[in-house]
Amino acid sequence: MKPIAIDSPRSLLFAMFAIFEALLVTSAVVLWCVDPRRMSGLDDVAGIAFWFSFVGLSIVCWLLRRVAPRLATVGFITVLASFAAVALLPAVP
């Protein structure tokens, strides 16, 4: 067997990292593209997905900081950058 398949918790963390990273970036882009003047369910769903993936990616990066420090650093940078981008949303016309 491959060594990465034997180490199940590590491969599970890598898979969770990929899922949360994709969900975080996608929901941040959707939040930027949604028209705030129109009330739709899409912005609510994107906001819930953003916070779910924000918390999930933060926890996964915290667990990965000893196993894969570079990947954890990339995840932390993504979390902070997406939070800053969404925090600027009300100020953008």
Side-chain angles (χ1 to χ4, degrees):
M1 292 187 90
K2 295 180 183 177
I4 196 159
I6 295 171
D7 193 11
S8 177
R10 183 181 292 183
S11 59
L12 177 64
L13 285 175
F14 289 156
M16 288 174 60
F17 178 86
I19 290 169
F20 284 135
E21 180 91 17
L23 187 61
L24 183 73
V25 170
T26 304
S27 60
V29 168
V30 168
L31 284 172
W32 267 89
C33 293
V34 163
D35 187 13
R37 295 172 295 206
R38 303 177 87 198
M39 295 298 289
S40 68
L42 184 62
D43 52 351
D44 295 335
V45 171
I48 291 169
F50 175 81
W51 286 112
F52 175 74
S53 59
F54 180 85
V55 170
L57 187 61
S58 298
I59 292 170
V60 168
C61 287
W62 184 258
L63 294 173
L64 278 175
R65 73 187 192 283
R66 299 269 181 178
V67 178
R70 289 183 184 169
L71 187 64
T73 303
V74 168
F76 282 131
I77 290 171
T78 304
V79 165
L80 292 175
S82 64
F83 182 73
V86 173
L88 288 175
L89 262 170
V92 177

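Residue numbers run from 1 in the order of the sequence given.
- Classification of the Phe54-Phe83 ring pair by plane angle, with boundaries at 30° and 60°, yields tilted.
- Cluster annotation: Phe50 and Trp32 are assigned to the same hydrophobic cluster (Ile/Leu/Val/Met/Phe/Trp/Tyr, side-chain heavy-atom contacts under 4.5 Å, transitive).
- The same ILVMFWY cluster, assembled from side-chain heavy atoms under 4.5 Å apart, contains both Phe52 and Val60.
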Could you tabulate the donor-acceptor pairs under 3.5 Å formed by side-chain atoms of residues 66-73, not counting sequence neighbours?
| unit_1 | atom_1 | unit_2 | atom_2 | d |
| --- | --- | --- | --- | --- |
| Thr73 | OG1 | Pro69 | O | 2.8 |

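- Taking OG of Ser82 as the reference point, atom CD1 of Ile77 lies at 12.0 Å (rounded to 0.5 Å).
- Cluster annotation: Leu23 and Phe14 are assigned to the same hydrophobic cluster (Ile/Leu/Val/Met/Phe/Trp/Tyr, side-chain heavy-atom contacts under 4.5 Å, transitive).
- The two residues Ala46 and Ser27 have their closest heavy-atom pair at O-CB, 3.5 Å.
- One hydrophobic cluster, built from ILVMFWY side chains closer than 4.5 Å, holds both Leu12 and Phe17.
- Checked against ring-ring contact (aromatic ring centres under 6.0 Å, His included), Phe76 has no partners two or more places apart in sequence or in another chain.
- You'll find the side chain of Val55 stays beyond 4.5 Å of the side chain of Phe20, heavy atoms only.
- Distance check, rounded to the nearest 0.5 Å: CE of Met16 to OG of Ser53 gives 12.0 Å.
- To the nearest 0.5 Å, the span separating CH2 on Trp51 from CG on Leu24 amounts to 10.0 Å.
- In this structure, Ile59 is not a member of the same hydrophobic cluster as Val74, with clusters built from ILVMFWY side-chain heavy atoms closer than 4.5 Å.
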